[in-house]
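Before any comments, here is the structure.
Note that the numbering runs from 1 along the sequence shown for the chain.
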Amino acid sequence: MTEQGGAAGHGGADRPATAELRAADRTGTAGPGGSGPGGSGPGGPAPGAAGSATAPARSRRSFLTHLVAAPTLALVTRAAADVLAPQPAHAVVPSLPAIADLIDLGDLFILAGAPTSALLALAVDPDGTIRFRLPREEVGQGLTTAVAMLVAEELDAPLDSVRVELDDARPELLFNQLTGSSNAIRSLYGPVRQCAATARARLVAAAAARWGLPAARLSTAGGVVRAPDGRSAGYGSLAEAAASPALTVLGAAPKPAARHTLVGTPAGRIDARAMVTGAQRYTLDLDVPGAKPCVVRRPPTLGGSGQGARPASPRTRPRGRGPG
């Protein structure tokens, strides 16, 4: 955008407005015409005025106002035919804000899953194995390892005793089973810790009932409940008693971060060995009755388009090659 008409300060007319803006910011002058001798723009003295006259101080907002007004005034001097001719509209049509402009998508997922965030499933087997059903997808981001660390931390159990299994879709969870927008740990951090802390409290209460001791005098470490007199019981041996509805359990609270011994430390992925040995089960490994495996065939070049395909019969297709 350039100034038109009588704006001739700082070197003459038709100078880019952006240059004028920078000059005004540096020197504190006001108006496209400048405030030095010879300026004739809206911000300087009128022609014929004394050269020593000083322009009134103007704010940057005032400068911008004059800068925008200059082209508008220049349009008035057009020829009549030009004025009557249709002119392009330069106004920006307002539009409704997108969801991302109002709220972070990850935060939206958390809010959507909040009503059912406590409906998590954790089980302790008689052999001491801890199984947690994860209502999210593991797509290579290491989520199962992170959740296993949270469970092991709150239960004071070895990490290798925790098994994180991807849960089936559960209608009662509603939106609390969405994976995306980097929100999995943000949405699960609190609920997973609370679930594991509750399980630990029930195991401790079961041991306290067995030994006739206050639960507050017992401690846990390495998947074992210990009493001050040296008695101990593994989580597996307490699992059945801990599941009794008649067991009285006081409120359970997750550990404060200052007491974490596992979370925040380096740990290997719990599914790494299964992935490199071929034991890991993926979606394609599911045997769904009546379903036929299929893949998307894409052109071998960037920007290419499909011209057709000749799908081979499954019985005649060479083994190890894709369809067609």
Side-chain angles (χ1 to χ4, degrees), residues 110 113-136 142-165 167 170 172-173 176 184-268 270:
I110 295 173
T116 60
S117 61
L119 299 181
L120 301 176
L122 185 150
V124 179
D125 295 341
D127 63 355
T129 300
I130 302 166
R131 301 184 182 278
F132 181 83
R133 304 289 295 179
L134 178 63
R136 299 291 190 279
L143 180 59
T144 52
T145 300
V147 170
M149 293 175 69
L150 293 176
V151 172
E153 181 71 74
E154 293 300 333
L155 273 167
D156 287 326
L159 181 59
D160 58 9
S161 68
V162 180
R163 305 286 185 270
V164 177
E165 304 166 349
D167 204 357
R170 294 163 53 189
E172 68 274 14
L173 289 181
N176 188 30
I185 288 299
R186 288 195 290 157
S187 61
L188 292 172
Y189 181 74
V192 169
R193 293 170 60 232
Q194 183 62 55
C195 178
T198 301
R200 175 184 174 274
R202 296 195 67 85
L203 292 166
V204 170
R210 177 182 296 182
W211 298 330
L213 295 172
R217 298 186 58 190
L218 306 182
S219 61
T220 57
V224 175
V225 181
R226 292 186 170 88
D229 57 10
R231 286 179 289 179
S232 63
Y235 287 169
S237 65
L238 297 168
E240 183 176 357
S244 173
L247 184 66
T248 301
V249 181
L250 300 178
K255 297 179 183 178
R259 290 181 52 199
H260 287 172
T261 59
L262 178 60
V263 172
T265 63
I270 62 175

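Residues in residues 194-212 take part in these salt bridge (charged side-chain N to carboxylate O under 4.0 Å, His left out) pairs, two or more places apart or across chains: Asp156-Arg200. Sequence neighbours left out, the pairs with a member in residues 186-197 that pass salt bridge (charged side-chain N to carboxylate O under 4.0 Å, His left out) are Asp104-Arg186, Asp107-Arg186, Glu154-Arg193. Residue pairs meeting the side chain to side chain donor-acceptor pair (under 3.5 Å) criterion with at least one member in residues 233-249, sequence neighbours excluded, do not occur.
Looking only at side-chain heavy atoms (C-beta outward), Trp211 and Val225 come within less than 4.5 Å of each other. The shortest distance between side-chain heavy atoms of Leu188 and Leu134 falls below 4.5 Å. You'll find the side chain of Leu155 reaches within 4.5 Å of the side chain of Leu203, heavy atoms only.
Rounded to the nearest 0.5 angstrom, Cys195 SG and Leu122 CG are separated by 4.5 Å. From Leu119, atom CG reaches atom CZ of Arg170 across 6.5 Å, with rounding to the nearest 0.5 Å. To the nearest 0.5 Å, atoms CZ (Arg163) and CD1 (Ile130) are separated by 9.5 Å.
Under the side chain to side chain contact (heavy atoms under 4.5 Å, CB included) criterion, Thr261 pairs with Glu153, not counting sequence neighbours. For the side chain to side chain donor-acceptor pair (under 3.5 Å) test, no residue two or more places apart in sequence or in another chain qualifies with Ser161. Under the rule for a salt bridge (Lys or Arg N to Asp or Glu O under 4.0 Å), the partners of Arg133 that lie at least two apart in sequence or sit in another chain are Glu165, Asp167. Listed by chain and number, the residues in a side chain to side chain contact (heavy atoms under 4.5 Å, CB included) with Ala243 amount to none (sequence neighbours excluded). Partners of Arg217 according to the side chain to side chain contact (heavy atoms under 4.5 Å, CB included) rule, which considers only residues two or more places apart in sequence or in another chain, are Leu213, Pro214, Pro228. Asp125 is linked by a salt bridge (Lys or Arg N to Asp or Glu O under 4.0 Å) to Arg131, counting only residues two or more places apart in sequence or in another chain. Residues that satisfy the salt bridge (Lys or Arg N to Asp or Glu O under 4.0 Å) test with Asp229, not counting sequence neighbours, are Arg231.
Across all their heavy atoms, Leu173 and Pro135 have their closest contact at CD1-CB, 3.6 Å. Heavy-atom minimum distance, Pro191 versus Ser117: CB-O, 3.3 Å. Nearest heavy-atom pair, Ala205 versus Val249, reported as atom, atom and distance to 0.1 Å: CB-CG2, 4.0 Å. Between Ala197 and Ala252, the shortest heavy-atom contact is O-CB, 3.6 Å. Across all their heavy atoms, Val204 and Leu218 have their closest contact at O-CD1, 3.6 Å.
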I'd like a table of donor-acceptor pairs (distance under 3.5 Å, sequence neighbours excluded) in which one partner is a side-chain atom from residues 142-151, with atom names and distances.
| unit_1 | atom_1 | unit_2 | atom_2 | d |
| --- | --- | --- | --- | --- |
| Thr144 | OG1 | Glu138 | OE1 | 3.1 |
| Thr145 | OG1 | Ile270 | N | 3.1 |

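There is a side-chain donor-acceptor pair under 3.5 Å between Ser187 and Arg136.
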